[in-house]
K.L.:
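My structure is below; once you've seen it, I'll send some questions.
Values below: every heavy atom of this structure, side chains too, minus hydrogens, waters and symmetry copies.
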Amino acid sequence: MTLKEKIQNNIQLTLDEALELYNWDLIELGQLASSIREEKFQRKTYYNINRHINPTNICKDVCQFCAYSASRKNPNQYTMTHDEILQTVEQSVQNGIKEVHIVSAHNPNTGLEWYLEIFQKIKEKHPQLHVKAMTAAEIHFLSEEYNKTYDEIIDMMVEYGVDSMPGGGAEIFDEKIRKKVCGGKVSSEQWLQIHKLWHKRGKKSNATMLFGHIESREHRIDHMIRLRDLQNETNGFNAFIPLVYQKENNFLKVTDFPTAQEILKTFAISRIILQNIPNLKAYWVTSTVKLALLAQEFGANDLDGTIEKESINSAAGAKSANGMQQNEFVELIKNSGFDPVERDSLYNEF
Ligand code: SF4
């Protein structure tokens, strides 16, 4: 059976087979990824109306790619109070958001309650709002800092109203590269273990991959295969989100950045390898809006959301600080030949 036939029959590829796909012609790869996308979603492209909140930038970890945490390059520390977070949520609810996405740095000074009780407070005021919060990296940090097991932290998240987990902190799973880019924070094995525990409770999460820095193509494929294997076991991932590395204001010395062609190939290969994860998200914040729109022709069926405000990637150079208006988002998708469909956080259509 040829590689193409294997893909068309949804036979899971080996690392070497998947790696070979990078040598294929871009358009051929795009057509194959598109046919998988169209079989599942036709021309629909999902988006949601959401708000990102990053309540603190004080972090005990020092990831080399990070421009967000307070450091020598970004000395402006902040930590929001619960009242400030609630006010932000209130304003965004009035603007029509359906999801609040809360991700923090690893601040050792706030106490466990500051991290977790905010979810309960949000839910008390806005029970209809979907709370997506706490990366596996945050869960690992809280577990170490407060001497709790992952299960204990996850049980508290459920009790306090977290509905789903974002996919952050995965970066790149290869242990050698991981040590260089984010040594000291959650390991690959721990990241996967935490998501597995979350999925065991019948809950959904997403998975990211940070690429375009010092990793190789092989490391990307290895990352995808580790996710594919866990998804075979739990079926708990809703979306895979390849994040393009942002180069400004950080400590990682990267000289070769991926071309648009390399980024689009990575999207297409993600769609082909991760056929068991339903949604492939082109997160416009890191890929640029133009490339995210193009990624729809390379397997992506989701462009994330309006966001309103974005702090993490905009600190590293992304043009996302003020989010995007819904009508602008919808028009862009339509003008690129796809059908915009608003979804909720669990991919139900409105
Ligand atoms: S990526 Fe997250 S964990 Fe790493 S330094 Fe930045 S805020 Fe801290």
K.L.:
When hydrophobic residues are tied together by side-chain contacts of less than 4.5 Å, even through go-betweens, does Ile11 share a cluster with Ile277?
P.N.:
no
K.L.:
Honestly curious: do Val158 and Ile139 fall in one hydrophobic cluster under the side-chain, below-4.5 Å linking rule?
P.N.:
yes
K.L.:
Using a cut-off of 6.0 Å, state whether more than 12 heavy atoms not belonging to Glu28 lie near its atom CD.
P.N.:
yes
K.L.:
Checking the side chain of Tyr146 only, and the main-chain atoms of Gly111 only, is there a donor and an acceptor separated by less than 3.5 Å?
P.N.:
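Yes, Tyr146 side chain to Gly111 backbone: donor-acceptor pair under 3.5 Å.
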K.L.:
Among residues two or more places apart or on two chains, list those pairs meeting salt bridge (charged side-chain N to carboxylate O under 4.0 Å, His left out) that have a residue in residues 99-108.
P.N.:
Glu99-Lys132
K.L.:
Under the 6.0 Å and 45° cation-pi test, does Lys98 pair with Phe350?
P.N.:
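Pair Lys98/Phe350 counts as cation-pi.
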K.L.:
Report the C-alpha separation of Thr56 and Asn107 in whole Å, then their side-chain angles, then the decisive distance to 0.1 Å, and conclude whether the side-chain hydrogen bond (donor to acceptor under 3.5 Å, both in side chains) test is met.
P.N.:
CA-CA 7 Å; Thr56 180; Asn107 187 336; 3.0 Å; yes
K.L.:
Apply the side-chain contact (heavy atoms from CB on, under 4.5 Å) test between Thr266 and each candidate in Gln261, Arg217, Arg220; give the one that qualifies.
P.N.:
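For Thr266, the side-chain contact (heavy atoms from CB on, under 4.5 Å) check succeeds only for Arg220.
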K.L.:
Would you say the side-chain atoms of Asn48 pair up with the backbone N or O of Ser345, donor to acceptor, closer than 3.5 Å?
P.N.:
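No, Asn48 side chain to Ser345 backbone: no donor-acceptor pair under 3.5 Å.
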K.L.:
Identify the heavy atoms of Ala292 and Leu303 that sit nearest to each other, and give their distance.
P.N.:
O-CD2, 3.6 Å
K.L.:
Output yes when a side-chain donor or acceptor of Asn276 lies under 3.5 Å from a complementary backbone atom of Arg228, and no otherwise.
P.N.:
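Indeed, once roles are kept as given, a pair shorter than 3.5 Å links the two residues.
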K.L.:
Taking Arg37 first and then Glu297, would you say they form a salt bridge - that is, a charged N and a carboxylate O separated by under 4.0 Å?
P.N.:
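No, this pair does not count.
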K.L.:
Aromatic rings His199 and His195: how do their planes relate, parallel, tilted or perpendicular, breaks at 30° and 60°?
P.N.:
perpendicular
K.L.:
Could you pull out the closest heavy-atom pair between Pro108 and Glu145, with the gap in Å?
P.N.:
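Shortest heavy-atom contact: CB-OE2, 3.6 Å.
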K.L.:
Please list all pairs passing the salt bridge (charged side-chain N to carboxylate O under 4.0 Å, His left out) test where one or both residues lie in residues 118-130, with sequence neighbours left out.
P.N.:
Lys123-Asp163
K.L.:
Side chains of Ile49 and Glu342: does their closest heavy-atom pair fall under 4.5 Å?
P.N.:
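Side chain of Ile49 against side chain of Glu342, heavy atoms only: contact under 4.5 Å found.
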K.L.:
Tell me whether Glu218 contacts the main-chain N or O of Leu19 through its side chain, where contact means a donor paired with an acceptor under 3.5 Å.
P.N.:
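No; judged by distance alone, with no hydrogens or angles, the pair does not exist.
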K.L.:
Short question: side chain of Trp191, backbone of His140 - any donor-acceptor pair under 3.5 Å?
P.N.:
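Side chain of Trp191 to backbone of His140, a donor-acceptor pair under 3.5 Å: no, none is there.
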K.L.:
Taking side chain to side chain donor-acceptor pair (under 3.5 Å) as the cut-off, I'd like each qualifying pair that reaches into residues 174-184, sequence neighbours left out, listed once.
P.N.:
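Passing the test, one end in residues 174-184: Glu175-Arg226.
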K.L.:
Between His82 (side chain only) and Trp114 (backbone N and O only), is there a donor and an acceptor less than 3.5 Å apart?
P.N.:
yes
K.L.:
Quick one: does Glu233's side chain have a donor or acceptor within less than 3.5 Å of a partner on Leu230's backbone?
P.N.:
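Checked: no pair found.
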K.L.:
Does some side-chain heavy atom of Phe240 sit less than 4.5 Å from a side-chain heavy atom of Lys281?
P.N.:
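They are not in contact (no side-chain heavy atoms under 4.5 Å apart), so the answer is no.
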K.L.:
Quick one: ring pair (Phe, Tyr, Trp, His ring centres under 6.0 Å) pairs with a partner in residues 200-225, sequence neighbours left out?
P.N.:
Phe173-His223, His213-Tyr245
K.L.:
Between the side chains of Arg201 and Asp151, is the shortest nitrogen-to-carboxylate-oxygen separation below 4.0 Å, so that they form an ion pair?
P.N.:
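Counted as a salt bridge, because a side-chain N and a carboxylate O are separated by less than 4.0 Å.
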K.L.:
Kindly compute the distance separating CG (Leu274) from CG (Leu227), expressed to the nearest 0.5 Å.
P.N.:
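Leu274 CG to Leu227 CG: 6.5 Å, rounded to 0.5 Å.
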K.L.:
List the residues meeting salt bridge (Lys or Arg N to Asp or Glu O under 4.0 Å) with Glu38, not counting sequence neighbours, and say none if there are none.
P.N.:
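For Glu38 the salt bridge (Lys or Arg N to Asp or Glu O under 4.0 Å) partners, ignoring immediate neighbours, are Arg43.
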K.L.:
If you take the centroid of each ring, where Trp contributes its six-membered ring, are Phe251 and Phe65 closer together than 6.0 Å?
P.N.:
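No, the ring of Phe65 stays outside the 6.0 Å limit from the ring of Phe251, centre to centre.
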K.L.:
Between Ser34 and Gln31, does a side-chain hydrogen bond (donor to acceptor under 3.5 Å, both in side chains) hold up when you go through it step by step?
P.N.:
CA-CA 5 Å; Ser34 276; Gln31 283 166 347; over 6 Å; no
K.L.:
Which label fits His52 and His101: parallel for a plane angle under 30°, tilted from 30 to 60°, or perpendicular past 60°?
P.N.:
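The rings of His52 and His101 lie parallel, inter-plane angle below 30°.
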K.L.:
Check whether any side-chain heavy atom of Lys60 sits under 4.5 Å from a side-chain heavy atom of Phe141, and report yes or no.
P.N.:
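Answer yes - side chains close enough.
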K.L.:
Does Glu17 use its side chain to pair, donor to acceptor, with the backbone of Thr14 at less than 3.5 Å?
P.N.:
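Yes, Glu17 side chain to Thr14 backbone: donor-acceptor pair under 3.5 Å.
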K.L.:
Please tell me whether Tyr22 and Ile177 are part of a single hydrophobic cluster in this structure, the criterion being side-chain heavy atoms less than 4.5 Å apart.
P.N.:
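As far as the 4.5 Å side-chain criterion goes, Ile177 and Tyr22 are connected within one cluster.
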K.L.:
Output all residues satisfying salt bridge (Lys or Arg N to Asp or Glu O under 4.0 Å) with Arg271, sequence neighbours left out; order by chain, then residue number.
P.N.:
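Expected list: none.
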K.L.:
Is it the case that more than 12 heavy atoms not belonging to Asn109 sit under 6.0 Å from its CG atom?
P.N.:
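Yes, the 6.0 Å shell around CG holds more than 12 heavy atoms from other groups.
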K.L.:
Is any side-chain heavy atom of Gln12 closer than 4.5 Å to a side-chain heavy atom of Gln275?
P.N.:
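Not in contact.
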K.L.:
Could you tell me whether the side chain of Gln246 and the main chain of Thr286 form a donor-acceptor pair under 3.5 Å?
P.N.:
yes
